[in-house]
Amino acid sequence: MKKVKISKKIICAILSIMLVLSMIGCQSTPTDTTDSANTAETNMFKAGNYTATATGHNGDIKVEVIVDDTSITKVEILEHNESPSISDPAIERIPQSIVADQTLAVDTISGATVTSEAIIAAVTEALKQADGDIDALSVKKAREKTTSETAEYTTDVVVIGGGGAGLAAAVSAHQNGAEVIVAEKMPQVGGNTLISGSAYNAVDPGRQEKQGIEDSIDKHFKQTYEGGDKEGNTDLIRALVEGAYPAIEWLESMGMEFKDEVFTVLGGLWPRAHKPVEPLGTGYINTYENYINENDGIEVLVDTEVTELIVNNDKVVGIKAQGLNGEVIINANNGVVIAAGGFGSNVEMRDEYNQTWPALTNIKTTNHTGATGDGIILAEQVNASLVGLEDIQLLPMGDPETGSLSGNIEQGVENRIFVNKDGNRFVDEGERRDVMTKALMEQEDAFMWIVLDKHSYPTGDTKNNFNESIDELIEQGRAYKGDTLEELAEKIGVNPENLVKAVEKFNEAVENNESDEFGRTLFDQKIDTAPFYAGGRVPTVHHTMGGIEINTDAQVLDKDGNIIPGLYAAGEVTGGIHGANRLGGNALADIAVFGRIAGESAAAGK
Ligand code: ADP
């Protein structure tokens, strides 16, 4: 039997409860609705259908609100362009909550705050048209708790976190014969994978040979090890680089599609990054979700925040969590996998561990809001060894407003340069991420422009790695276009002579195919074909390399180097693989490779 999407099923159940409560609420206040003598005074709205729009993450969100004299009867989203998956919970829940609670003061959905706020703003506009008292409607209403009972489950493998690593572990554990429950604290699965540019490094002779690219597992190993200042564990790196391509084949066996061409991702150092056919990281997450929905035996509990590991006779045998309606206990017959991600969104933790950068307090992050380091705190409870927590990766690629990766106009490393506010280049743009970010921090306002040309965007409809077309970005004021470099320079306020000179010198290096003044060796096309484009970028926190120490079976080690029975970990929550600096494109490989291993080990109860 085909199951409905688990996450949606749970959301629907919650919403039905909320709707029932709201109906009970209406019945218990009959004076408001039946006192016909006072109709004029008690009418809250001018009954009718109203539409309004407000700006969301990716443009306008249009809503229709239906009211009768005394209540909001329906809120519907008519049009929106918000990112698939990420905004779904807000699109589904905010309208329902407004109707259920008859208030505009509903909680925004974590991870989809901008979308939530835009929906609320549009509904506010519509209710103004309906003569609603916005102040009164903006009062938060206390809602009765539905239940406060403890829900208890027993399964074979519990996975903490439903990001890329957690879902890989869940699927793998299931393929190895286990029943699985995934506990995810956010209202949706997907984690950082969903909002990533999705580059996946793997040595892939089939694809690379067609493009004339020489590569080898040893080269990938060497670049990963040396790119991390030789601080990574060589056994784990070996497992990563050797497992990367088989994990691509594993994903493909479940229906995932990758493009034929590989490319060099920012800080990836070599053209071995694979790009999924579906936008952003949706291809990975949809693949895992399809598997989960098509097979019995994996349950995903969203809105379920794990707070404790249950230990019995020194073995981890389950978890305790907080769900929307009370405590959740899940007993694990075989094992528990921690896949709760890094701590890029936890400013206190970043400040506590950071030793590499000047204060990070005011630096934004590319991460989703659930990346708060919970897995590391859980592991500490059982004396797990933690390694490399001081190694925090920044990118020079943050959106100046939000810190997110979206709006990044580069298509790959080879065909673009970075210039500062004077229009001068300042770094080898094919370098390691830490090197480029440090160089950026020394520029005025730690701000730079990515500059490229028609080679990257043959048409205005061409999309970046975040599913945004260059025309859209220009319209939103997030990218600029010029028919000449001088025109572009004027639009972005940099010295035109400097910009022209910078591009000329870059083009010479491409022409001669030799290392340029910054030592750059990764080139392909010249920047010489109009239109020219520029997009602004700032430093942003991206990845926390440190975390739980594991062995090549993804078993968690304690501070004395012993295996902690029943406990496994995978993904950004682990440490020791990437060392001081992670290569671009290695994270998605890491979470698939080690998620897969962790699932297999946990299923076996190794
Ligand atoms: P990775 O790339 O390693 O999969 P992500 O950050 O993408 O890491 O995903 C981690 C997932 O774990 C996120 O979906 C996050 O919301 C979830 N998570 C974090 N802390 C908890 C917790 N305490 N309980 C349940 N899920 C959690």
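When a ligand or atom number is given, it counts from 1 through the structure's own listing order.
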Considering only the protein, which heavy-atom contact is closest to [atom], and what is its distance?
atom	value
atom 12 (O) of ligand 1	Gly161 CA, 3.2 Å
atom 27 (C) of ligand 1	Lys185 CG, 3.7 Å
atom 6 (O) of ligand 1	His368 NE2, 3.1 Å
atom 7 (O) of ligand 1	Asn192 N, 2.7 Å

- For the residue pair Tyr284 and Tyr200, does the interplanar ring angle fall in the parallel (under 30°), tilted (30 to 60°) or perpendicular (over 60°) class? parallel
Are more than 12 heavy atoms, taken from residues, nucleotides or ligands other than [X], located less than 6.0 Å from that residue's [atom1] atom?
X	atom1	value
Glu252	CD	yes
Asp351	CG	yes
Glu261	CD	no
Glu257	CD	no

Subset of ligand 1 atoms that lie under 4.0 Å from at least one heavy atom of [X]:
X	value
Gly370	19 (C)
Met186	16 (O)
Thr304	24 (N), 25 (C)
Gly164	4 (O)
Gly163	4 (O), 9 (O), 11 (C), 14 (O)
Ala339	10 (C), 11 (C), 12 (O)
Gly571	3 (O)
Ala165	3 (O), 4 (O)

- Query: Is the Lys NZ or Arg CZ of Arg238 less than 6.0 Å from the centre of Phe221's six-membered ring, within 45° of the axis?
  - Reply: yes
- Message: Under 6.0 Å from the ring centre and within 45 degrees of the ring axis: does the NZ or CZ of Lys275 meet both conditions for the six-membered ring of Phe263?
- Response: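 Positive - Lys275 is close enough to the ring of Phe263 and near enough to its axis.
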- Query: Using a distance-only test with no angle check, is there a side-chain donor-acceptor pair under 3.5 angstrom linking Gln393 and Asn581?
  - Reply: yes
- Task: Using only heavy-atom distances, determine whether the side chains of Ser404 and Lys364 contain a donor-acceptor pair under 3.5 Å.
- Result: no
- Message: Using every non-hydrogen atom in the two residues, find where Val277 and Lys259 come nearest and quote the distance to one decimal.
- Response: CG2-N, 4.0 Å
Contact check: [X] vs ligand 1, nitrogen or oxygen atoms, below 3.5 angstrom:
X	value
Glu572	yes
Ile591	no
Glu305	no

Please work out whether any backbone atom (N, CA, C, O) or any side-chain heavy atom from C-beta onward of [X] is under 4.0 Å from ligand 1, and answer side chain, backbone, both or neither.
X	answer
Val306	both
Ala183	backbone
Asp374	side chain

- Item | Partner set under side-chain contact (heavy atoms from CB on, under 4.5 Å) for Leu280, not counting sequence neighbours |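 If we apply the side-chain contact (heavy atoms from CB on, under 4.5 Å) test to Leu280, skipping adjacent residues, the hits are Phe466, Asn467.
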